[in-house]
Every structure is written in C-alpha cells, then in structure tokens.
Amino acid sequence: MSTQSDNIFQAIISHAKEYGFVFPSSEIYDGLSAVYDYGPNGSELKKNIRDYWWKSMTQMHDNIVGIDAAIFMHPTTWKASGHVDNFSDPMIDNKDSKKRYRVDHLIEAYADTLPEAEKNALIDEMQQLEAATDYAGLKKLIDDHKIKCSVSGTTNWTEIRQFNLMFKTEFGAVASDNPDDNIVYLRPETAQGIFVNFLNVQKTARMKVPFGIAQTGKAFRNEIVARQFIFRMREFEQMEMQFFVRPGTEGEWYKYWKEARLQWHLGLGINPAKYRYHDHIKLAHYAKEACDIEFEFPIGFKEVEGIHSRSDFDLTQHQLYSKKKQNYFDNDIDPATGKPYGNYIPYVIETSIGLDRMFLLILSNSYEEEAIPKEDGTTDSRVVLRIPAKLAPNKLAILPLTKKDGLPEIATKLMDECKPYFKCFYEEKDAIGKRYRRQDAIGTPFCVTIDNQTPIDQTVTIRYRDTMQQERIPISQVKDLVLGMVM
RNA sequence: GCGGAAGUAGCUCAUUUGGUAGAGCGGUAGCCUUCCAAGCUUCAGGUGGCCAGUUCGAGCCUGGUCUUCCGCUCCA
C-alpha cells in the first residue's frame with residue numbers, strides 16, 4: 001500500500017465521519033473494535049444499495065423470491081453447516097518469541113521434516129486428536145516431539161486455546177443445569193436461513209427448479225484482526241441469493257451468475273478496470289467451484305462478492321441432521337429418458353455480497369478531491385462524491401438564491417411536489433457556492449436554484465454535480481427530470 | 001497477541017526550558033449579496049484520553065491504563 005493511497009483511505013474515513021456516513025460504534029466510550037454505526041447520510045446510502053440489490057434480484061427475476069429469516073437459529077444448524085467444527089481453529093503461542101501458531105500448521109510443518117512413514121503416523125494422530133477436540137492430547141503431541149518455535153527455537157509453549165469464529169449467547173431466560181442446552185449462536189452467514197427454509201419457500205411460493213431465494217441481513221463473525229474500517233467488521237450485513245438448480249446443470253448456472261453479478265456492478269457505471277475475478281484454487285469444505293469479484297479499493301484489490309457452487313452439500317447436511325427429507329420432485333421431462341427427472345436434492349449456486357463492502361466500494365469509487373481553476377487564475381478545491389444518482393442519499397437539493405422576494409415560498413412548493421417521489425434537501429442559508437459545495441460533499445447529484453427570474457417565467461437553474469454545469473429549465477419539469485435519472 | 005508512533009475545540013494544528021490554553025477552517029444567528037467554499041458582525045464550543053505520582057504549581061516531567069494508527073501474526 002502506497003503512502004498516497006493510504007492517505008486517500010484515511011481521507012475517506014474522515015469524510016465519512018464528518019458528513020454523517022459512518023461513525024465508530026460507541027465512540028463516547030472510546031469505541032468498540034471493528035464495529036461501526038451508519039449516520040443519516042450513510043443509512044440512506046446503505047438502504048439505497050440494499051434496495052437496488054433487492055430489486056435487481058426479486059423484481060427483475062420472476063424465479064427469485066425473498067425471505068427474512070431470524071438471526072437466531074437452532075444450534076444444530078451450525079453443526080450441520082460445518083461452522084462449529086471447521087471454523088474454530090486451535091491456536092498456541094510461544095512464550096519466548098510471542099509468535100502465535102495454528103496448532104495444525106505447527107505440527108504439519110514439523111511432520112514435513114520427518115521420513116514419510118513417521119510423518120503420516122504423526123498426521124493421523126493429530127487428525128484423530130483434532131476430531132476429538134482433545135487439546136491436552138495435541139499439547140502432549142507437541143511436547144513429546146519437542147516441536148520448536150522457528151523464531152525462538154524453544155519449546156516454551158502456552159496451553160492450546162480455541163479461536164471462536166461464532167458469537168455465542170444464551171437462549172431463554174431460565175438457566176439450565178447443562179449450559180450447553182441454552183447456547184445459541186449469532187449467525188455467521190445468512191445462507192443457512194435460506195437452506196432450512198428451502199422447502200417452505202419452494203412449496204408456498206410454488207417455485208420450480210431452477211429458482212432462487214434472496215435475503216439481506218446481519219451476520220456476525222469474530223475476526224482475528226479487526227482493521228480496515230468497514231471492510232472487516234464483527235457485525236456486518238450480507239446480501240445473499242441461493243439459486244437451486246437441477247444436478248448436472250450447476251456448471252452452466254455458475255458461469256451464468258458469475259457473469260451476471262459482474263454486470264450488476266458495471267451497471268452502476270463503475271470503471272470495469274477496477275474489477276477483476278479471483279478464482280479459488282483452494283476450496284472451502286462445501287464448495288465445488290468458487291470465485292470472488294474483487295474491486296480495487298484504495299487499500300488494493302479486495303473481495304466484494306463471492307460466487308460459489310456449493311453442490312448439494314448444505315441441503316444434504318440438513319437432511320442428515322434434521323432427518324427431514326429435503327427432496328424436490330422435478331416434473332419436467334428428461335429428453336434422454338422421456339420420463340420426469342424425479343426426486344433429487346437440488347444443487348446450489350450462491351451469490352453473496354457484503355453490503356458494507358459494497359458501501360465502501362461506492363464511497364471509495366466516488367470520492368474525489370478536485371482542483372478547479374478560477375477566472376482570476378487561482379485555483380479552488382472541492383471534495384465531491386460522485387455517487388451513482390440512483391444510490392445517492394439525497395437526489396435533489398432545492399436552494400432559493402435568497403431568503404427574500406418570495407423565493408423560499410416557491411422553493412417550498414417544489415419541495416412538496418418532489419418529496420413523495422425521491423429524497424430532497426432544502427437549504428436557504430449561506431452563499432449559493434457554499435451550498436453547492438456542501439451538496440457535492442454528500443454526493444447530491446442535482447441542485448435547483450430558484451432566483452428572481454423564477455417568479456417571472458417559472459424557470460429554475462439545475463446544476464449537475466459531476467460537471468458543475470447548469471441549465472435553465474421550467475420548474476414544472478424538475479420532478480420528472482430527476483425521477484428519470486434516479487430510477 | 002507482539003513491536004513502533006500518536007492522543008489539546010467538530011476538523012487541522014499552535015502554546016520556546018513547568019506558571020491554571022490560542023488560531024484557521026467548520027458550526028450558529030444576523031446583515032449584505034442574483035449562481036460555485038465571497039465580505040462584515042454575533043454567539044457557542046476544551047475538567048488538555050483517563051488515573052496516580054513528583055512539585056508551591058503539570059497540557060509539558062515520571063509511572064500505569066485506555067484508545068487509535070502503522071508493521072508483524074491469522075483469515076471460510
């Protein structure tokens with residue numbers, strides 16, 4: 001990361017706070033690590049992004065429907081999904097070098113130095129201990145083999161501790177004798193709320209494969225390192241769509257959604273050169289094929305969205321753990337046999353985008369510090385957020401040039417006319433130039449100014465944020481003109 | 001978690017060796033202004049991150065603590 005892009009990132013964070021987009025959580029108590037709050041402009045922008053996604057999924061696809069599942073889920077959900085076992089890595093620290101290791105990495109690195117037979121025996125033993133979550137046994141394994149820290153060269157280890165990905169809490173007001181009875185997790189992904197409702201949705205909405213279920217909502221993960229502003233948060237919001245397909249067709253649907261999702265991003269008018277795919281080589285336990293859509297943030301190319309071919313892993317797991325059939329009966333005729341495709345567990349293509357990351361993407365892509373040459377030879381500066389008009393917190397600022405001569409009355413009338421259709425901002429104080437700059441700073445795409453000519457011929461000037469150009473139009477056309485640009 | 005740096009007004013920063021804090025910008029209210037951060041005036045805003053210690057006296061010295069930033073470590 002260069003110093004310059006680092007400075008831009010810092011400037012964006014400051015700007016976000018100063019103009020009411022993003023505040024550090026609980027700031028008066030010195031903040032809470034990796035948690036942030038969205039302010040007045042931020043919550044509008046975030047909502048607009050969410051709505052834009054939701055509409056593109058559910059309204060623009062007649063084979064995708066939405067749900068809103070609870071954050072709390074039955075704890076067995078997370079055993080079935082693999083989150084309980086696969087995402088709690090045991091860790092160990094060397095007391096001399098202060099280095100922290102994942103226990104499996106430490107033992108595997110040591111095993112690589114051994115002859116083949118000894119190596120395999122050691123790995124086997126480790127895996128059995130891991131499966132039994134026998135931390136004492138793993139520690140003994142490290143001690144018995146005198147495994148050293150590569151930095152300090154000593155065997156002075158702490159006890160093995162578990163790193164928990166999921167937040168745990170207690171369910172029910174009455175304590176149980178067995179504390180495990182009451183544990184629920186805050187969901188680490190929204191996807192499982194879709195999977196456990198697969199048949200409910202399919203039957204009640206009368207959906208036929210291929211079809212999708214969309215959902216937006218909060219998810220929670222204990223990150224090891226909490227940095228990089230809202231890019232990596234402990235509480236964050238996902239926008240996910242799980243698309244259920246006939247087995248054997250998952251390859252073509254994976255390709256379809258991989259392409260469709262990038263087009264969604266480009267449809268916002270963002271420079272294609274700032275995007276790239278990152279295909280996964282090493283796949284998660286549930287994945288068949290997977291890629292990320294990465295965006296060039298000021299901190300480098302980072303993942304915004306993932307497209308995963310999850311096979312029938314999740315539904316099969318839930319069938320296993322719940323003992324409830326998750327079959328779908330496909331009445332369509334298979335041309336190969338002349339008979340219906342019949343019963344099967346559908347395969348799933350997942351598209352999963354981080355709403356907060358998308359927010360940061362829009363902010364990063366929009367932020368610009370501009371130098372403007374003035375007529376007298378000096379230069380002016382402005383900070384402008386070139387937020388796509390359809391996502392901007394405010395669509396239109398209505399500005400009477402002065403507070404006199406009946407101009408505020410005309411402006412208020414225009415405000416009342418436009419308000420039901422899109423978010424407007426009214427301001428009559430300070431010089432017009434200052435008001436324009438304030439709107440630039442929060443990304444308002446259009447300003448109209450009511451001046452002394454307005455009462456005479458019912459025209460106003462409309463000023464465009466990106467070019468700073470203005471033109472004179474009839475006041476009666478303002479609403480439809482803006483509406484046409486923001487829909 | 002480890003190492004380094006930094007915490008003074010909403011923001012950016014001053015306050016020469018210890019003597020109870022200032023400026024610019026921003027905000028507020030008004031005047032004047034007919035289109036890009038203009039001018040004049042008004043007002044508000046800080047127990048100097050927090051807690052101890054040294055001292056007659058601490059924003060400044062000492063210790064602790066918290067937070068943030070940078071680097072390392074980890075990352076489905």
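Only a predicted model underlies this, so the values are computations on that prediction, with no experimental measurement involved. Below, read A as the first sequence line, B as the second, and so on, with proteins coming before strands; counting in each chain starts at 1.
Checked options A:Arg463, A:Arg435, A:Arg386; the residue passing with A:Asp440 is A:Arg463 (criterion: side-chain hydrogen bond (donor to acceptor under 3.5 Å, both in side chains)). When the options A:Glu189, A:Glu240, A:Glu250 are evaluated for a salt bridge (charged side-chain N to carboxylate O under 4.0 Å, His left out) with A:Arg310, the one that passes is A:Glu189. Considering A:Phe198, A:Trp253, A:Tyr347, A:Tyr254 as possible partners of A:Phe243, the one that fulfils the ring pair (Phe, Tyr, Trp, His ring centres under 6.0 Å) test is A:Trp253.
The gap from the P atom of B:A14 to that of B:C2 amounts to 31 Å, rounded to the nearest Å. Nucleotides B:U20 and B:C60 are separated by 14 Å at their P atoms, to the nearest Å. Spacing between B:G18 and B:C25 at atom C1', rounded to whole Å, works out to 31 Å. Taking the P atom of each, B:G46 and B:G4 are spaced 36 Å apart, rounded to whole Å. Straight-line distance between the C1' atoms of B:G3 and B:A9: roughly 33 Å, to the nearest whole Å. Across B:G64 and B:U54, the matching C1' atoms stand 15 Å from one another, rounded to whole Å. Atom name P, nucleotides B:C32 and B:U41: the rounded distance is 16 Å, in whole Å. Spacing of C1' atoms, B:U17 relative to B:G49, comes out at 26 Å, to the nearest Å.
With rounding to whole Å, A:Arg438 atom CZ is found 10 Å from B:G26 atom C1'. Atom P of nucleotide B:C75 and atom NE2 of A:His83 are separated by 16 Å, given to the nearest angstrom. Here the P atom of nucleotide B:A76 and the CZ atom of A:Arg232 are 9 Å apart, to the nearest Å. B:C69 atom P lies 12 Å from atom NZ of A:Lys17, rounded to whole Å. When rounded to the nearest whole Å, the span between CZ of A:Arg437 and P of B:G27 equals 14 Å. Remark: C1' of B:C75 and NE2 of A:His278 are 14 Å apart, rounded to the nearest angstrom. A straight line from OH of A:Tyr36 to P of B:U67 spans 14 Å, rounded to a whole angstrom. The interatomic distance linking A:Leu401 (CG) with B:C35 (C1') rounds to 6 Å, in whole Å.
In this structure, A:Arg435 reaches neither bases nor backbone, as no heavy-atom distance under 4.0 Å exists between it and the strands shown. Contact annotation for A:Val383: base contact, defined as any heavy-atom pair under 4.0 Å involving a base atom. Residue A:Gln453 is out of contact with every strand shown, counting any heavy-atom pair closer than 4.0 Å.
B:C32 is unpaired under the criterion used here, namely a Watson-Crick or G-U wobble arrangement in which both key atom distances are under 3.5 Å. Pair assignment for B:C2: B:G71, on the basis of Watson-Crick or G-U wobble contacts that are both within less than 3.5 Å. With a cut-off of 3.5 Å on both Watson-Crick or G-U wobble distances, the partner of B:G26 is given as none. Judged by Watson-Crick or G-U wobble contacts below 3.5 Å, the nucleotide B:U62 has B:A52 as its partner.
Geometric assessment of A:Arg465 against the ring of A:Phe446 yields a negative cation-pi assignment under the 6.0 Å and 45° thresholds.
Ranked by how close their nearest RNA chain B nucleotide is to the 5' end, A:Phe229 and A:Ile450 are led by A:Ile450. For the pair A:Lys429 and A:Arg463, both in contact range of RNA chain B, the more 5′-proximal nearest nucleotide belongs to A:Lys429.
When all heavy atoms are compared, the tightest approach of A:Ser364 to A:Phe297 is OG-CD2, 3.7 Å.
Of the charged side-chain nitrogens involved, none lies within less than 4.0 Å of a carboxylate oxygen, so that A:Glu428 and A:Lys403 do not count as a salt-bridged pair.
For A:Asp451, the side-chain atoms get nearest to B:C35 when compared with the rest of B:C36, B:A76, B:C35. Counting only heavy atoms from C-beta on, A:Tyr436 has its side chain closest to B:C35 among B:C35, B:G26, B:A76.
The closest donor-acceptor contact from the side chain of A:Gln317 to the backbone of A:Ala80 lies under 3.5 Å.
Contact annotation: A:Gln10 side-chain N/O to B:U68 OP1/OP2 distance is not under 4.0 Å.
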